Amino acid sequence: MGGSIFFSNGAQLPLSTQDFYYVVERIRSQFNSSEKGVGEKVYLPLDEQGMTFISAKLLNKRDFSSFSKAVLNARAAAQVEESFSRFEGVWNLVLEMLRQDTRFEI
C-alpha cells in the first residue's frame, strides 16, 4: 500500500510502506519541543485520521522551515546508521522535493 509525503499542491512523494515509515519516524524524532505543534500539524493525517501520509501543504513559511530543519537533521542522523546505504536514495528524493518547494530556506 505504501504512504506519501505531501510537500505542496502537486508535490507528492509516494513511497513503499517500509520506506515511508523509515523516513517519517526519523523526521518525527527531530522536532524539538518548541516545534511540537508543527510536527502535530504535519503528522495529523497519519496519527489521527488513519491515513498513510504526512503533509506539509498547509504550513506557512516559518513552520515549513521547522519541518525542513527536521528533515535535514533526520537525514544527517540517519547517515551514521548501518542501514543508511539502503535508504540513501529515498533520502535523496525527499531532499529533492523539499528543495523544490518555494518555502524552502536554510
Side-chain angles (χ1 to χ4, degrees):
M1 180 166 165
S4 294
I5 301 172
F6 289 89
F7 292 89
S8 62
N9 289 332
Q12 169 190 355
L13 180 61
L15 299 168
S16 72
T17 301
Q18 182 179 18
D19 291 349
F20 174 74
Y21 284 105
Y22 170 86
V23 169
V24 300
E25 292 309 325
R26 279 161 179 77
I27 295 169
R28 182 197 303 267
S29 72
Q30 296 299 318
F31 285 101
N32 64 40
S33 59
S34 68
E35 298 166 328
K36 185 178 179 183
V38 176
E40 289 172 353
K41 289 178 195 175
V42 171
Y43 284 82
L44 179 71
L46 181 64
D47 293 343
E48 297 185 23
Q49 298 173 347
M51 305 296 197
T52 53
F53 67 87
I54 63 171
S55 179
K57 286 180 5 176
L58 300 178
L59 298 180
N60 61 35
K61 192 169 187 166
R62 188 188 80 222
D63 289 349
F64 192 82
S65 179
S66 295
F67 172 68
S68 299
K69 186 174 81 173
V71 171
L72 295 170
N73 289 343
R75 186 187 191 279
Q79 286 181 289
V80 300
E81 296 174 359
E82 197 172 307
S83 63
F84 181 74
S85 62
R86 183 201 171 311
F87 294 100
E88 185 174 10
V90 175
W91 281 115
N92 290 341
L93 292 171
V94 171
L95 293 179
E96 180 181 333
M97 296 292 288
L98 190 70
R99 290 181 176 130
Q100 289 177 2
D101 195 289
T102 58
R103 299 168 290 174
F104 181 74
E105 285 183 359
I106 295 182

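Predicted model, so just to flag it, every value in this text is computed and none were measured.
With hydrogens and angles ignored, the 3.5 Å screen pairs no side-chain donor or acceptor of S4 with any backbone N or O of F53. S16 places a side-chain N or O within 3.5 Å of a backbone atom of D19 that can act as its donor or acceptor partner. Judged purely by atom type and a 3.5 angstrom limit, Q30 has no side-chain atom pairing as donor or acceptor with the backbone of I27.
Of all the heavy atoms in V42 and P45, the pair that sits closest is O-CD, 3.5 Å. Here the closest heavy-atom approach between residue F31 and residue V38 is recorded as CE2-CG1, 3.9 Å.
Relative orientation of the Y22 and F87 rings is parallel, given thresholds of 30° and 60° on the angle between their planes.
Annotation: side chain of L95 is not in contact with side chain of F104 (no heavy-atom distance under 4.5 Å). Within the 4.5 Å cutoff, side-chain heavy atoms of R75 are placed close to those of E88.
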Practice problem: Go through the steps for V71 and M97 under the test side chain to side chain contact (heavy atoms under 4.5 Å, CB included), then give the verdict. | Solution: CA-CA 11 Å; V71 171; M97 296 292 288; over 6 Å; no
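Exactly one of K69, K61, R99 qualifies for a salt bridge (Lys or Arg N to Asp or Glu O under 4.0 Å) with E105. That residue is K61.
Annotation: the span from K57 atom NZ to F7 atom CZ amounts to 12.5 Å, rounded to 0.5 Å. Atom CD1 of I5 and atom CZ of F67 lie 6.0 Å apart (nearest 0.5 Å). Note that the CG atom of L44 and the OG atom of S55 stand 9.5 Å from one another [nearest 0.5 Å].
Cluster membership check: L15 does not share its hydrophobic cluster with M51, using side-chain heavy-atom separations under 4.5 Å among Ile, Leu, Val, Met, Phe, Trp and Tyr. Under the 4.5 Å side-chain heavy-atom criterion for grouping Ile, Leu, Val, Met, Phe, Trp and Tyr, L98 is not connected to F6 through any hydrophobic cluster. L58 and V24 sit in two unconnected hydrophobic clusters of ILVMFWY residues. Membership requires side-chain heavy atoms under 4.5 Å apart, directly or through other members. In the hydrophobic clustering of this structure, L46 groups with L59; members are Ile, Leu, Val, Met, Phe, Trp, Tyr whose side-chain heavy atoms approach within less than 4.5 Å, directly or through other members. Taken together through direct or relayed side-chain contacts under 4.5 Å among Ile, Leu, Val, Met, Phe, Trp and Tyr, F20 and V23 form part of one hydrophobic cluster.
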